[in-house]
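Convention: sequence-line order gives letters A, B, ...; per-chain numbering from 1.
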2 protein chains.
Amino acid sequence: MTAPKPSLELLRALTDENVLRVLMAHDRLTRAEIATRTGISKPTISESVQRLERARLVVDTGERTTGRGRVGSYYALAPHLGTALVASITPQGVVAEAVDALGRTRGQVRTALHADAGQEAAAEALGAAAARLGGESAGPLRLAVVSAADPVDRATGRLVHLPDAPFLVGELDPPAVLAGAVTGPVLVDNDVNWAARAEYEHGCVQGVDDFVYLHLGEGLGCAVVGDGVVRRGHGGLVGEVAHLYTAGPDGQAMAFTEVFAALDLRRNSSTAVDVPKLLDILDTSDTRAERVRLALARAIGGVLSAALAFADPRTVVLGGPWGSHPRLIAAIEEHLARSPRSVPLSAAALTLPELTGARARAVEELASLIVRAAHPTTQW
Amino acid sequence: MTAPKPSLELLRALTDENVLRVLMAHDRLTRAEIATRTGISKPTISESVQRLERARLVVDTGERTTGRGRVGSYYALAPHLGTALVASITPQGVVAEAVDALGRTRGQVRTALHADAGQEAAAEALGAAAARLGGESAGPLRLAVVSAADPVDRATGRLVHLPDAPFLVGELDPPAVLAGAVTGPVLVDNDVNWAARAEYEHGCVQGVDDFVYLHLGEGLGCAVVGDGVVRRGHGGLVGEVAHLYTAGPDGQAMAFTEVFAALDLRRNSSTAVDVPKLLDILDTSDTRAERVRLALARAIGGVLSAALAFADPRTVVLGGPWGSHPRLIAAIEEHLARSPRSVPLSAAALTLPELTGARARAVEELASLIVRAAHPTTQW
DNA sequence: CAGTCTAGTAAGGACTCTTGCCTAAAGGTG
DNA sequence: CACCTTTAGGCAAGAGTCCTTACTAGACTG
């Protein structure tokens, strides 16, 4: 809409950005290689590299080309540019990594948590992991991307407790916990959204710009990808399907989460789904189990009718501890075949997908942080 | 992500774009005014204006400044740059306009249609309107933006007949109908999506980036705006809520459209809602009418639970012939107050909103067509 | 050891943007 | 009416960026 103001500084910034981006894709390159890869002339690249070296964003690695011809110098991103923290918080524990702008993992810390550890323990584990990774890596932790197994408030990054939804990780404020260890922004989103991003980039829906990812585990979650981007809505609560009205076992309209109460599939004194019991039923072949499967398929079919109405996905991905069970998928497909509108289903393909998705975002964000650092004033 | 390649041509293109954009916002300006408004220096503007004049995109209007100081020449976009066709097709008739890049309406044609005219009549009316507007205006019709009161296939722009949904306008292929009269692209979307855009820009949800617009008329439609953009999904069927499962009059789960059958609110031998009868009931105060209102509120509440789950709107806008009825809104609000999650409601504010929304898009698209015409090869 | 190949540099040209100054023409002022 | 002020537009100079071409330095090849 609004075109940037033309200026020579803009050109310079563009050249530098091209150089930095290509150095993020290939960790070490000579000036000549940068020139051919970017399509910019060698002299211009030389000037840019000099500029970036003076700004300490790029360094001569000391390595030299071997082979025919004159010896070239390899350049790379400066090592002290820092890393991004990637963290996943689940009831099982905290997994944290540091990644650099090239997407290389520089260290990983795993901390197991007790089943009823509470948010203090989670916060402590996250803080400790950040401190350790920050100490280990060459530069500072410049930003953090956090995945949490609960709804996340889009504005503040804090976890939200919705009525009738299990609160797995609990009242946690990742930006506050990480404020000391991380110098820049802290981006928080729930695990299902990150998992959807991972499936989009590396999993079973590559190239599908519009899809819905339904996560079925202890909690019931969903992610909506529209036009290639994870949609979060006003408060970040897109995909919170617990209160969605759907069809219950006897055809009554009821909230999705109530279906599990009606089927006696909840964990004691909790709104969490009893996953072992449910998996057990999915593996059983008697008529009672069959009835439960039908009821589940019908309830999930109702959820999918809502997904079709509000997201119009090309595909629906089913993930989570019991979501990708073949017998469940078969039952849902059968149900959909009798519905007026249908949609292809596929099973989630990745393990630890939320970390993959969060990592991708972290790398992207770190890259743009570095590029903007080269020309703080120029904007477009 | 990928930065454009720096080049002097890019700078030139950027300058020209700045000039063209400012001339689209203010119909006539002197070189000096362009310079101050864009923040670019006078000599640069002079060169750009010369270039654009040679390319016949800009003309000296012949007008001269009056007042103190040297007389300046006013420049403006060339008049033959053409216009965009904006058309709305409803069962009542066709309304078509030509708009230029400054958003000025250059002519309007209204054609009434008989209640059961069929798509041939609609196609003919559309074609005739386009031919007339194309003949009247100075330049060609360079693109068209069409609003139709039916679902639109995102890939082809053709209207789609979904099962159990009324097919108001019918099997129409606007791109084919307009191929002769319009030189460029034909963008088609359904009226509810355009109406949502209009409410976003000029109506009751200005500045609200995430909202849902529920249109309740003969057909049941919905638009989802996420991050400030109307979301269409894979096939363009976002908002087709007819088959969404919700709660029926007796608490049974049923498709939204079936609720109207159950309440005997359909027009004879059709799936269209009987709007006069429904409005009548909304205005009545006996217990039977009250029961119908309750049932409607419950069914719409179910639809809104799906909207909350999949779009997380900040606000829900209710529009259409019976959607903004105060008594209906009150009934829905009462229902929502008892639900675990709620959302503010507001009534649609605009008349003929679909034309307003389509017009905005047409102006935007025409502007970018003109800007790109100035530098066909440069891309960024 | 001459030939070949390649990274990096130097020179020159083309082009764009900016600053500053100048001119022309109109309105206002005494 | 003469003069000053104001404003649009043009011109010149200068700085900066990118590109092409040509060259140099150094290492491998045969």
Q. Taking side chain as C-beta onward, heavy atoms only, is Met24(B) less than 4.5 Å from Val371(B)?
A. yes
Using a cut-off of 4.0 Å on non-hydrogen atoms, how would the nucleic acid contact of [X] be classed: base, sugar-phosphate, or nothing?
X	value
Leu8(B)	base
Thr30(A)	sugar-phosphate
Thr66(A)	nothing
Gly69(A)	base

Could you tell me how far apart [X] ([atom1]) and [N] ([atom2]) are, to the nearest whole angstrom?
X	N	atom1	atom2	value
Arg51(A)	dT17(D)	CZ	P	6 Å
Glu47(B)	dC11(D)	CD	P	11 Å
Arg64(A)	dG8(C)	CZ	C1'	12 Å
Ile34(B)	dT7(D)	CD1	C1'	16 Å
Lys42(A)	dA22(D)	NZ	C1'	11 Å
Leu10(B)	dT17(D)	CG	P	15 Å

Q) What's the spacing between Leu143(A) CG and Leu187(A) CG if we round to 0.5 Å? A) 6.5 Å
Q) Closer to the 5' end of DNA chain D via nearest nucleotide, is it Glu33(B) or Glu9(A)? A) Glu33(B)
Q. Do other residues, nucleotides or ligands put more than 12 heavy atoms under 6.0 Å from the CZ atom of Arg132(B)?
A. no
Q) Is there a donor N/O on one and an acceptor N/O on the other, under 3.5 Å, for the side chain of Arg70(B) and the base of dA25(C)? A) no
Q: Taking atom types as modelled, find out whether Asp16(B) and Ser48(B) have a side-chain donor-acceptor pair closer than 3.5 angstrom.
A: yes
Q: Specify the residue among Val71(A) and Pro6(A) whose closest nucleotide of DNA chain C lies further upstream toward the 5′ end.
A: Val71(A)
Residue-phosphate contact under 4.0 Å: [X] side-chain N/O, [N] OP1/OP2:
X	N	value
Arg68(B)	dA25(C)	no
Ser46(B)	dG10(D)	yes
Thr65(B)	dT7(D)	no
Thr44(B)	dT16(C)	no
Arg31(B)	dT7(D)	no

Q) Within the distance-only criterion (no hydrogens, no angle test), does the side chain of Arg197(B) pair as donor or acceptor with the backbone N or O of Ala358(B) below 3.5 angstrom? A) no
